[in-house]
Amino acid sequence: MSSFDEMDAFEGASLSARAMQARPMPYLDTLNPAQREAVECLDGPVLMLAGAGTGKTKALTTRIVHLLSTGRARPNEILSVTFTNKAAREMKERVAGMLGQAVEGMPWLGTFHSICVKLLRRHAELAGLKSNFTILDTDDQIRLLKQLIQAAGIDDKRWPARMLAGIIDDWKNRALTPDKVPAGDASAYNNRGTEFYALYQTRLRELNAVDFGDLLLHMVTIFQNHPDVLEQYQRWFRYIMVDEYQDTNVAQYLWLRLLAGKHKNVCCVGDDDQSIYGWRGAEVGNILRFEKDFPGAMVVRLEQNYRSTGHILAAAAGVIRGNQGRLGKELWTDAGDGEKVRLIGHWDGEEEARWIGEEIESMQRGTRGQAPLGLDQMAILVRASHQMRAFEDRFLTIGLPYRVIGGPRFYERLEIRDAMAYFRVVVSPDDDLAFERIVNTPKRGLGDKAQQTIQTIARENGVPLVEGARLAVESGQIKGKGGGALRQLVEGIARWGRLAGDADTTHMELAEIILDESGYTTMWQNDKNPDSPGRLENLKELVKALESFENLQGFLEHVSLVMDNDKQDADEKVSIMTLHAAKGLEFPAVFLPGWEDGLFPSQRSMDESGLKGLEEERRLAYVGITRAEQICTISFAGNRRVFGQWQSQLPSRFIDELPEEHVEVLTPPGLYGGGYGAAAPGGGMGAEQVRSTIDEKVAQADGYNSPGWKRMQARAGQRGLSQPKESKHQVIDLTATSSFTLGERVFHQKFGYGAITGIEGDKLEVEFEKAGTKKVVARFVSATDDVPF
DNA sequence: ATGATGCGAATTTTT
DNA sequence: TTCGCATCAT
């Protein structure tokens, strides 16, 4: 992204709307009736309910083209908002493709955040900022909060900064400035949440910085308090479009409503069934309420699916039907039924991974009686990232190439953040957070004490830390080895800063000079860790990435908002990712492992959010199934190692919600398949125990009462579960409430054998034979007496 | 000031 | 089990 000035919309656009007006509109002929309706209805509020794989992006981009072609709007008068940079890029490319020319003139197509940065730079003073404010990422945010917490003399172990950051983010998502935090939230963070929130905002202003949440919140506040500014944009943005509307939070919603308030030419696109970000502030309510918010809104449903087979769509529909309060949508296809969704149970997680590995190989060879699939046409979608390990382990041993999508982002990596902190200090020497990060990286012998000294001097003189450091060295307050190193660093920063203004040095050369002279590169070269070479690689890549920018400053701006990880290397690999990361993607073959109650749906989600949480999990299941084009394979394991302990698992309640006529139950060798829950031969947990476990779970998931659940409950008694094959020490309790008795002999992974001498809720006091008496959580011990089967 | 040891916690993630 | 962080020992 280029700097604000270059992208100023108010200087007009390169595309001539009028010139296009006379052209025919062949693009309309490629749309189906629903899409066409959504595209042609340009004025007034429109809600486009676009199911998975129904050509949403096509409709959206065509609508932009249509607005331009009919001369309704010039490119710079259309505001189109997305959530991710990827989506924005994709839209730009497609619009450009359809127009047959670059879209230089679409300056207001971007993410909520990037658009807000542009607006806020323009009106920074209204938020008490200078227009060159810096954008803090999560890491900076937490470090800053930590400082505030520690300064207030609070034990940040008991009251972690991370927790406070979460609370503040939540408030910002709900568009609450410190003065507007409701009384009901006053107990947050040990009753001091609001206080710290206000403190944090003040500190940010002092630093001339904002966090991600502020970008939205500041603009909402400015629009609310400065009607003249708002009106200006209401006039400029004659047409507004929003992608993934079901993911908007309150702040984004208000922002949109303010901007669309005058003309109401707003087209929101989304799918309530794919709302899976409630936990980070998204409000499904926004999309459900659309017709109330915008009376007379036109609602268009895109229901013809171009992605999946009939069986897959029907299976997904069967699951999502269990949710209440949907806007309602049923996907259909004229592409045929295809193969049924496949369901298979496994003994344990390792076997599941093994089986999927073999299945992938046979699909790759085409042994399954159909066209061979490339590895990049297959994906494994898991609920939680820790599930990935089993697959990685397995695939490494059999040498199956795989790629994990959505790991730590490139710019979040340690070495990249360090390098960027160096750049930041050089570009703006008053960036204290960046200086703190690099002052002792690489190790310069500047520990807590030295850094304290720098802080004090800087504060006393009212200067940035770099300047404080310089003073500390000059006045001899930091001497010796550390002092020398610090002097070098300070002088380096000054020198690099001068080089930045030097026309003879390119910013890429400068970046290399900074990393070399600071000793940062050397630090990794000397590091013996096996991942150090990779880090050096990343640094090289970082410098390479600078190429497309005019200077370091522009690059930093870009990186704070953009820069994704998905450098797709050309090699064919199986993708492994979370269900969340899979939204918007599609694959011919999809594996959905780990469909077990507690894992998926996640116990935590249900505990924390009850029915709401369960429904979001169900939407996640829906998203998962609808990623598949041809083959969708769902699986579960009867036993799983959790935190080093074996646990018995019950098949997910979602499995019971799959319509039987669209499912094929596979019977793997060695397992007897009867009904959905393929059970282990011989043994298995006694019916009584199964039922008691279920009862506890029902009690926990308070309020859960779906028919599928009842069916499973009824069936569970007959089903029987498998037992771990390796350990004879069966874990008999899966829940918080312990079922141990005093005097019982137990085994603990770390402490060995012992006898229970006390029970307090889920905590046990155990007298271990070797380790002495300890208090332990019931989860971590297992009964040694074999469970009577 | 820095490396070693130990304890507690462990969905989901974009910007 | 593994990770991150904090305290401890050098």
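A quick note: this is a predicted structure, and the numbers were derived from the prediction, not measured.
- By the side chain to side chain contact (heavy atoms under 4.5 Å, CB included) test, A/Ser275 pairs with A/Gln246, A/Val284, A/Arg619, sequence neighbours left out.
- With sequence neighbours excluded, the residues that form a side chain to side chain contact (heavy atoms under 4.5 Å, CB included) with A/Arg604 are A/Ser602, A/Glu608.
- Judged by centroid separation below 5.5 Å and plane tilt below 30°, A/Trp279 stacks onto the base of B/dT12.
- Distance A/Met577 CE to B/dT13 P: 11 Å, rounded to the nearest Å.
- C/dT1 atom C1' lies 17 Å from atom CE of A/Met388, rounded to whole Å.
- Between A/Ser605 and A/Lys449, the residue anchored closer to the 5' end of DNA chain B is A/Lys449, taking for each the nucleotide with the nearest heavy atom.
- Using a 4.0 Å cut-off, some side-chain N or O of A/Ser385 falls inside it from OP1 or OP2 of B/dT12.
- Nearest nucleotide to the A/Lys146 side chain, out of B/dT11, B/dA1, C/dA6: C/dA6.
- Under the ring pair (Phe, Tyr, Trp, His ring centres under 6.0 Å) criterion, A/Phe587 pairs with no residue, sequence neighbours left out.
- Following rounding to the nearest Å, A/Gln246 (CD) and B/dT13 (P) show an atom-to-atom distance of 17 Å.
- Using cut-offs of 30° and 60° for the angle between ring planes, the A/Tyr520 and A/Trp524 rings count as perpendicular.
- Phosphate proximity of B/dT13 to A/Thr578: present, with a side-chain N or O under 4.0 Å from OP1 or OP2.
- For the pair A/Ile168 CD1 and B/dT15 P, the interatomic distance rounds to 22 Å; values are reported in whole Å.
- The side chain of A/Arg389 lies closest to C/dT1, out of B/dT11, C/dT1, B/dT15.
- Here the C1' atom of nucleotide B/dT12 and the CZ atom of A/Arg162 are 14 Å apart, to the nearest Å.
- Distance CG (A/Leu414) to C1' (C/dC5): 15 Å, rounded to an integer number of Å.
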Could you list the protein-to-nucleotides 2-4 of chain B atom pairs, N/O on both sides, closer than 3.5 Å?
unit_1, atom_1, unit_2, atom_2, d
B/dT2, OP1, A/Gly445, N, 3.2
B/dT2, OP2, A/Asn440, ND2, 3.1

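- The side chain to side chain donor-acceptor pair (under 3.5 Å) search around A/Arg627 returns A/Gln274, not counting sequence neighbours.
- In this model, the phosphate group of C/dT1 is not approached by any side-chain N or O of A/Arg641 to a distance below 4.0 Å at OP1 or OP2.
- Counting non-hydrogen atoms under 4.0 angstrom, A/Glu617 reaches a base of the nucleic acid.
- The CE-C1' distance, from A/Met420 to B/dT15, rounds to 13 Å in whole Å.
- For A/Arg383 and B/dT12, the shortest distance from a side-chain N or O to OP1 or OP2 is not below 4.0 Å.
- Side-chain polar atoms of A/Glu436 and A/Gln147 form a donor-acceptor pair below 3.5 angstrom.
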Donor-acceptor pairs under 3.5 angstrom involving side-chain atoms of residues 476-487 of chain A: please list them, not counting sequence neighbours.
unit_1, atom_1, unit_2, atom_2, d
A/Gln477, NE2, A/Ser475, OG, 2.9

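- The aromatic rings of A/Phe600 and A/Trp595 sit perpendicular, their planes meeting at an angle over 60°, well past the 30° parallel limit.
- Here the C1' atom of nucleotide B/dT15 and the CH2 atom of A/Trp255 are 13 Å apart, to the nearest Å.
- The residue among A/Glu608 and A/Ala450 whose nearest nucleotide of DNA chain B lies closer to the 5′ end is A/Ala450.
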